[in-house]
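Read through the structure below, which is laid out as structure tokens, and then see the notes.
Predicted, not measured: the structure shown is a model, and the values here were computed from it.
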Amino acid sequence: MFEYTEVFELMNNMPAPIPIIFASLTHTGHHADDTPLGIAMVASYAKKTFGDRIDVMLVKDPIVLCQELDREIPPIVCFSSYIWNFRLSYEITRRIKKKASKTVIVYGGPNFPLLTQDQERYLEEFPMIDFFVFREGEYAFSHLLDLLMNRNLDGEGVKKDGPDIPNTYYLNDNTLVAGTQNPPIKELDEIPSPYLTGLFDELLRDIKITPLMQFVRGCPFKCTFCQEGEDYFNKVRRFSTDRVVKEMRYIAERTDSPLMQLADSNFGMY
């Protein structure tokens, strides 16, 4: 269906910055077209950490992603993993690996098992996922990216080294390596705003894209149907009021969308 041209070189031979695609895909007939806030937070923290050494691209539309991959397959492609988009993302992953086997594939998000034996079975079933970052990904992905950059973007080499990568899971010789669980980020303003840093500017120009914001992370309740029912998310943390106000003003000046969505688990609880 789609043809890809492999463009993969070791870091020593490729011009800076290193291109990284962050994809949070929706099906083309699906209407939940909000800004991909979760994966953008990870990308914005990576940009803060590595600056001009990396170039990040955010993608929602699978057709746009495939067109970009037809042009060039970058050395690192990251996918958000939700129950509604996993199969779509994995099919594109399969095609990337067929054309560019050295490209490092990183998944992140809530669609991952909780039990160790199930986590290992999951990565065995979906072997083209090189690394899965579970729970908060900002610190974890930047830690992983630092290891990859020091290894000339050799994902297999990193896995063979067997490092403890916080919040990150992978297979080393068919054995699960589970990273130490980082505590939840206390000072959320340490994560640069994807809005205020301009990462969302192109998406905000699309009338079909609804801005998505988050005022707090975490929830004190333990609902079994919800990801944030885990103890990990039990403590509620806030973005500063100043940041939230700046984001809302920034969005209002750049979107024609009549709607805004809020990602808080319990909006207005306090």
Should [X] and [Y] count as side-chain neighbours, where that means a heavy-atom distance under 4.5 Å?
X	Y	result
Arg217	Pro184	no
Val106	Asp130	no
Glu247	Phe200	no
Leu69	Ile21	yes
Ile18	Phe50	no
Pro211	Ser257	yes
Ser265	Val236	no

Rounded to the nearest 0.5 Å, what separation is found between the [atom1] atom of [X] and the [atom2] atom of [Y]?
X	Y	atom1	atom2	value
Tyr82	Thr26	OH	OG1	12.0 Å
Lys98	Ile96	NZ	CD1	13.5 Å
Leu123	Gln119	CG	CD	8.0 Å
Thr168	Tyr107	OG1	OH	15.5 Å
Ile251	Leu196	CD1	CG	8.5 Å
Met149	Ile54	CE	CD1	7.0 Å

Between [X] and [Y], is there a side-chain N and carboxylate O pair less than 4.0 Å apart?
X	Y	value
Asp206	Lys60	no
Asp201	Arg205	no
Asp231	Lys222	yes
Glu124	Arg121	no
Glu156	Lys160	no
Glu91	Arg87	no

Membership question, hydrophobic clusters at under 4.5 Å side-chain separation (ILVMFWY): are [Y] and [X] in the same one?
X	Y	value
Leu262	Leu204	yes
Ile209	Met248	yes
Phe79	Tyr90	yes
Leu114	Ile129	yes
Val133	Phe233	no

Using a 3.5 Å distance criterion without hydrogens, assess whether the side chain of [X] forms a donor-acceptor pair with backbone atoms of [Y].
X	Y	result
Asn182	Asn167	no
Ser44	Met41	yes
Asp34	Thr210	no
Asp118	Pro113	no
Asn150	Asp146	yes
Tyr232	Gly218	no
Asp164	Thr180	yes
Thr49	Lys47	no
Glu136	Ile185	yes
Thr103	Lys97	no

Nearest non-hydrogen partners of [X] and [Y], listed with the distance:
X	Y	answer
Pro62	Ile92	CB-CD1, 4.2 Å
Glu138	Tyr45	O-CD2, 3.4 Å
Cys78	Ile20	SG-CG2, 4.0 Å
Ile165	Ala140	CG2-O, 4.2 Å
Leu58	Leu199	CD1-O, 3.8 Å
Arg243	Pro194	NH2-CD, 4.3 Å

Start with the C-alpha gap between Tyr250 and Ser193, add the side-chain angles, then the distance that decides, and say whether side chain to side chain donor-acceptor pair (under 3.5 Å) holds.
CA-CA 11 Å; Tyr250 189 96; Ser193 166; over 6 Å; no
Please verify the inter-ring angle class for Tyr122 with Phe112; under 30° counts as parallel, over 60° as perpendicular, anything in between as tilted.
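Geometry flag for Phe112 against Tyr122: perpendicular rings.
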Name the orientation class of the two ring planes belonging to Phe126 and Phe86 (parallel below 30°, tilted from 30 to 60°, perpendicular beyond 60°).
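Rings of Phe126 and Phe86: perpendicular, over 60°.
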Greater than 12 external heavy atoms within 6.0 Å of Gln117's CD:
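Count over threshold, so yes.
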Neighbour count above 12 (heavy atom, 6.0 Å) for Arg237 CZ
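Counting other residues, nucleotides and ligands, CZ of Arg237 exceeds 12 neighbours.
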Do the ring centers of [X] and [Y] come within less than 6.0 Å of each other?
X	Y	value
Phe239	Phe215	no
Tyr169	Phe132	no
Phe22	Phe141	yes

side-chain contact (heavy atoms from CB on, under 4.5 Å) assessment of Val158 paired with Phe131
CA-CA 10 Å; Val158 170; Phe131 302 94; 4.0 Å; yes
Walk me through whether Leu145 and Arg53 qualify under side-chain contact (heavy atoms from CB on, under 4.5 Å).
CA-CA 11 Å; Leu145 183 54; Arg53 297 172 66 191; over 6 Å; no
What verdict does the side-chain contact (heavy atoms from CB on, under 4.5 Å) test give for Asp161 and Arg151, after you've listed the backbone C-alpha separation in whole Å, the side-chain angles of each residue and the deciding distance to 0.1 Å?
CA-CA 10 Å; Asp161 291 341; Arg151 252 294 195 157; 3.0 Å; yes
Pair Thr116, Glu120 - check side-chain contact (heavy atoms from CB on, under 4.5 Å), show working.
CA-CA 6 Å; Thr116 299; Glu120 184 171 80; 5.8 Å; no
